[in-house]
Amino acid sequence: MTTDSTAIEDAPRRRSRPLIHRAWIVAAVTFVTIIGGAAFNSLPGLLIDPLHTEFGWSRGEIGLAVSLDMALYGLTAPFAAALMDRFGIRRVVVVALGTVATGALASVWMTASWQLMLYWGLLVGLGTGSMAMAFSATVTNRWFVARRGLVTGILTAAGASGQLVFLPLCAWIVDRHGWRPASVTVALAALVVIPFVWLLMRDHPADVGIAPYGGTYVEKPAPATGAAARTLRVLFGAARTGPFWLLAGSFAICGASTNGLIRTHFVPSAHDHGMEITAAASLLAVIGVFDIIGTIFSGWLTDRFDARRLLAVYYALRGVSLLFLPMLMGPAVHPPMVFFIVFYGLDWVATVPPTLALCREQYGEDSAIVFGWVLASHQVGAALVAFLGGVARDVTGSYDVVWYASGALCAMAALMALMIRRARAGDAMPAV
């Protein structure tokens, strides 16, 4: 062994322990990055009415572009996780942020619905998908051994933080200056994050000669080749197991009842009942506040309790709350609506830490890629409801049927979570 490699290997023993483990710095950069990526996802619900008014596009047509964005957000995630194994986290994320900024800026000059599909659907979907929860799963798996559930909750809450920061701001900009300045604002937010990623992010603890938080030092693995082939191979192996379909199915309902439903259609639905757009957007921002609390607390619970039972409780409570929502809509913000917002916020993405924990339990070292595919199902569910919700509004003149149907689906998700079997020692994903 050469002197240089010995020095790297011995580095954890020779160096004095820093006040803050480098893993927490990487987690902080990841948090900020996900906030930047989430910024553009805060816009769809705000732009449905302005785009409908300016261009005459139907809500179903606009919803189709939103659904493409959401579907690609999910379908890109597993490939992004494999690309991070091949080219490194930092390079993939920088390219993704640039792609989001390009799509956001290009949409300012669009005049046809196909351009909305290209800029808003394709480019932004690919970019944000590369910074999705599979990104946080990769960071968590590499940099943390202890506190994984807590860190997963914190990073998941970053998306809600982006919503919290940008929804009120973008709503105010749309209301006062139109939708184009709001798109420019989001593009600039994505660009601002790039220097932080390039300067502070590192791909693996071995890059700085330390052990992951709560673990022992390990050498950095060689770059994985054949990223696309590996991603598909992991999918085919996972698809031969029952837990994968239960996780994917329940998470599809999760996406349908959050991103596809509330994030996309809550603001226009509230506006239908006479509520100001800025007031409705502020309510969504409040969801973001309690989402942070609920997700971090869910991560803490996941480190201590059965993830399957946690999921069942989360989905059951979400379904009940959606059944009451049509009765709460009105022109003013009243206490029952505030209670719904707080309750729904606590439950919004509380499902992520236990879902990721079950992926780790079932699929081991391939769990980040498997979770990427599970996330893809989440976004496919979101995409379907983003589109069908707009169609339902065009056909019936109301969103009520969508709220009720989503509540029933959440009850199904609760049952699916309870059906997931516990992984036994020696269980392995089928080889392909």
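Residues take their numbers from the sequence shown, with the count starting at 1.
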Say whether, by atom type as modelled, one donor and one acceptor occur between the side chain of Gln362 and the main chain of Ser367 under 3.5 angstrom.
-> no

Of all heavy-atom pairs between Val193 and Leu97, which one has the smallest distance, and what is that distance?
-> CG1-CD1, 3.8 Å

How many angstroms lie between atom OG1 of Thr33 and atom CZ of Phe196, to the nearest 0.5 angstrom?
-> 9.5 Å

Between atom CZ of Phe297 and atom CD1 of Ile293, what is the distance when rounded to the nearest 0.5 Å?
-> 11.0 Å

Which heavy-atom pair separates Ser58 from Asp394 by the least distance, and what is that distance?
-> CB-OD2, 3.9 Å

In terms of heavy-atom contacts, does CZ of Phe339 have more than 12 from other residues, nucleotides or ligands at under 6.0 Å?
-> no

Pair Phe31-Ser136, side-chain contact (heavy atoms from CB on, under 4.5 Å): steps then yes or no | CA-CA 8 Å; Phe31 187 92; Ser136 63; over 6 Å; no

So, Thr396 side chain and Ala392 main chain: donor-acceptor pair closer than 3.5 Å or not?
-> yes

Compile the donor-acceptor pairs under 3.5 Å between side chains in residues 242-252 and protein atoms, sequence neighbours left out, one pair per line.
unit_1	atom_1	unit_2	atom_2	d
Trp245	NE1	Ala239	O	2.7
Ser250	OG	Leu246	O	2.9
Ser250	OG	Leu247	O	3.1

Starting at CD1 of Ile287, measure out to CD1 of Ile262 and round the result to the nearest 0.5 Å.
-> 6.0 Å

Has the side chain of His52 got a donor or acceptor atom that lies under 3.5 Å from a matching backbone atom of Ile62?
-> no

Kindly indicate, with the supporting measurements, whether the criterion side-chain contact (heavy atoms from CB on, under 4.5 Å) is fulfilled by Tyr119 and Val124.
-> CA-CA 7 Å; Tyr119 302 144; Val124 174; over 6 Å; no

Can you list the steps and then say if Trp24 with Tyr213 is a ring pair (Phe, Tyr, Trp, His ring centres under 6.0 Å)?
-> CA-CA 8 Å; Trp24 294 108; Tyr213 182 81; 5.3 Å; yes

For atom OH of Tyr404, decide whether the heavy atoms of other residues, nucleotides or ligands shown that lie under 6.0 angstrom number more than 12.
-> yes

Would the number of heavy atoms belonging to other residues, nucleotides or ligands and lying under 6.0 Å from CZ of Arg360 be above 12?
-> yes

Given the rule in the side-chain contact (heavy atoms from CB on, under 4.5 Å) test, do Ser183 and Arg180 qualify, once you have shown the distances and angles that lead to the verdict?
-> CA-CA 5 Å; Ser183 292; Arg180 288 179 177 84; 5.7 Å; no

Main-chain N/O of Ala112 paired with Gln115 side-chain donor or acceptor, under 3.5 Å | yes

Hey, what do you get for OH (Tyr314) to SG (Cys254), rounding to the nearest 0.5 Å?
-> 11.5 Å

Distance col, row Arg318:CZ vs Leu346:CG, nearest 0.5 angstrom, shows 11.5 Å

Heavy-atom pair of closest approach, residues Ser406 and Leu261 | OG-CD2, 3.5 Å

From Trp143 CH2 over to His204 NE2, what is the distance, rounded to the nearest 0.5 angstrom?
-> 8.5 Å

Just wondering, do Leu311 and Leu358 contact through their side chains at under 4.5 Å, heavy atoms?
-> yes

Check the pair Thr241, Tyr363 against side-chain hydrogen bond (donor to acceptor under 3.5 Å, both in side chains), reporting the backbone distance first and the verdict last.
-> CA-CA 10 Å; Thr241 66; Tyr363 304 108; 2.6 Å; yes

Heavy-atom donor-acceptor pair, Arg308 side chain to Ala417 backbone, under 3.5 Å = no

Residues Trp120, Leu51; criterion side-chain contact (heavy atoms from CB on, under 4.5 Å); working and verdict | CA-CA 12 Å; Trp120 195 351; Leu51 293 176; 3.3 Å; yes

Please name the pair of heavy atoms, one in Thr216 and one in Ala211, separated by the smallest distance, quoted to 0.1 Å.
-> C-CB, 3.5 Å

Look at atom CZ of Arg91 and say whether more than 12 heavy atoms of other residues, nucleotides or ligands are closer to it than 6.0 Å.
-> no

Phe343 versus Ser321: any side-chain heavy-atom pair under 4.5 Å?
-> yes

What's the shortest heavy-atom distance between Pro354 and Ser298, and which atoms?
-> CD-OG, 3.6 Å

With side chains defined as the heavy atoms from C-beta onward, is the minimum distance between Met201 and Val26 less than 4.5 Å?
-> yes

Flag, side chain of Asp203 to backbone of Ile89, donor-acceptor distance under 3.5 Å | yes

Positive for salt bridge (charged side-chain N to carboxylate O under 4.0 Å, His left out) with Asp207, one of Lys220, Arg22, Arg202, Arg142 | Lys220

Just by distance, do the side chain of Arg304 and the backbone of Trp300 share a donor-acceptor pair under 3.5 Å?
-> yes

Mind listing the closest non-hydrogen atom pair of Ala316 and Ala414 along with its distance?
-> N-CB, 4.0 Å

Just say parallel, tilted or perpendicular for the rings of Tyr399 and Trp403, cut-offs at 30° and 60°.
-> tilted

